[in-house]
Trainee: 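One structure, pasted below without further comment.
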Amino acid sequence: MIKANKPTLKSWVEVPDDSDFPIQNLPFGIYTINDQHPRVCIAIGEHIADLYVLAEHGFFEDLGIEKEVFENHYLNDFIALGKAKTSGVRNRLSEILDNDLEEWDASELASFFLKLQAEVKMLMPVKVGDYTDFYSSREHATNVGTMFRDPENALLPNWLHLPVGYHGRASSIVVSGTPIQRPVGQQMPAGAEKPIFGPSKLLDFELEMGFVVGRDTDLGQSVSTAEAEDYIFGMVIFNDWSARDIQKWEYVPLGPFLAKNFASTISPWVVTMDALDAFREEGPMQDPEVLPYLKYEGKKNYNINLEVGIQGENMEAAHTVCRSNFKHMYWNMSQQLAHHTVTGCNINVGDICASGTISGPTPDSYGSMLEISWRGTKPVAMPDGSERKFLLDGDTVIMKAYCERDGIRIGFGEASGKILPAKS
Ligand code: CA
């Protein structure tokens, strides 16, 4: 077992029972306070720990890490140090925050490197050079295929043979809390003879998880399923905002373009694969048998509970519209990365690959309004008396993700965004 994951560890920093950030998690992020230079931090309970301050005091000296890497706009330079060093930093934090710590005075330590999360601003954790979106939930692909094509042949012929994906837009990936402006664009309403132009009326979310690439490859190099985990640093929650009416008209024959490029939202904390190690699960049986380069060994799926809430402008709290789980994915991250690079396509630290909408087998686990409202035919009743087929201006969509076992909860925080009206 990874040392920092030990279930019996407890921190001298108070961690509420329902916190996403016990000492076994220690996810990495970038924060700023009072517009100071952004720095690398980790989350512990309701606090962040400033790694630059710890580095200044020599806590990472024996790991051979210069303090400058922690005064940074992004995690990329830190991640690029490699897993031996980044895991070493996580282990060191685990030692520093462990309540068995005797030789240091906790309260004295706390005052110099801990800050309340409520008092700091979390920024984009990584500089995303390239972003790829997969389509790896069988339930989601089946639902979409059933709605738009043929229930008898819901999956297209390639789907069970390769992890379908497309290259997305990295520049518009934003951190949780960033408002999302409703996009405008061309749409072809049913029965119309020519396209119209205006705000999207069918704005949607897609519940996804994304993995952050932790190691560069050279052009021409491919990463096997067996090597893939060495190239994955950690994971974030990922909302692939989607304008269904724009998508429906534009997507033939090359796939999503403007329906997706206006924004995607991620959570500010990158949860390491080390922290998620205890939550591995067997993936679904893959039948037909996959080609050799997509075969894999071991448990490559992860049991991560997922939730989506919508909070309308007049609502006091979010209303949960979906509960799903990352374990439902048909294609796992190692297969996605092997497929992505099999051509020799190079990847870089900070690249993000998103999973595709994570729908489960039951209607309450569908990961988009398209599926939840079944193309708008089954509106969702909201607690304030309103209903939703798709998202309204003023709605805040809040996605949460957490693993839980033996009383240990490894959470991701949230990825939220409020819909602002289209620009006039
Ligand atoms: Ca998607």
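Reckoned from all heavy atoms, side chains included, excluding hydrogens, waters and symmetry mates. Order of listing sets the numbers, starting from 1, for every ligand and every atom in it.
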Trainee: Among K418, R388, K389, which residue meets the salt bridge (charged side-chain N to carboxylate O under 4.0 Å, His left out) test with D395?
Mentor: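 So, applying the salt bridge (charged side-chain N to carboxylate O under 4.0 Å, His left out) to D395 and each of K418, R388, K389, only R388 qualifies.
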Trainee: Run through T178, L75, I173 and flag the one making a side-chain contact (heavy atoms from CB on, under 4.5 Å) with M124.
Mentor: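 Looking at T178, L75, I173, the match for M124 under the side-chain contact (heavy atoms from CB on, under 4.5 Å) is I173.
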Trainee: Judged by atom type as modelled, is there a donor-acceptor pair below 3.5 Å linking the side chain of Q24 to the main-chain atoms of I410?
Mentor: no
Trainee: Give a yes or no on whether a salt bridge exists between D204 and R244, defined as a side-chain N under 4.0 angstrom from a carboxylate O.
Mentor: yes
Trainee: Give the name of the N/O/S atom in E208 that lies closest to the Ca ion (ligand 1).
Mentor: OE2
Trainee: Tell me the angle that OD2 of D240 and OE1 of E206 form around the Ca ion (ligand 1), rounded to 10°.
Mentor: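 The two atoms form an angle at the metal of about 80°.
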Trainee: Tell me, which N, O or S atom in D133 is closest to the Ca ion (ligand 1)?
Mentor: OD2
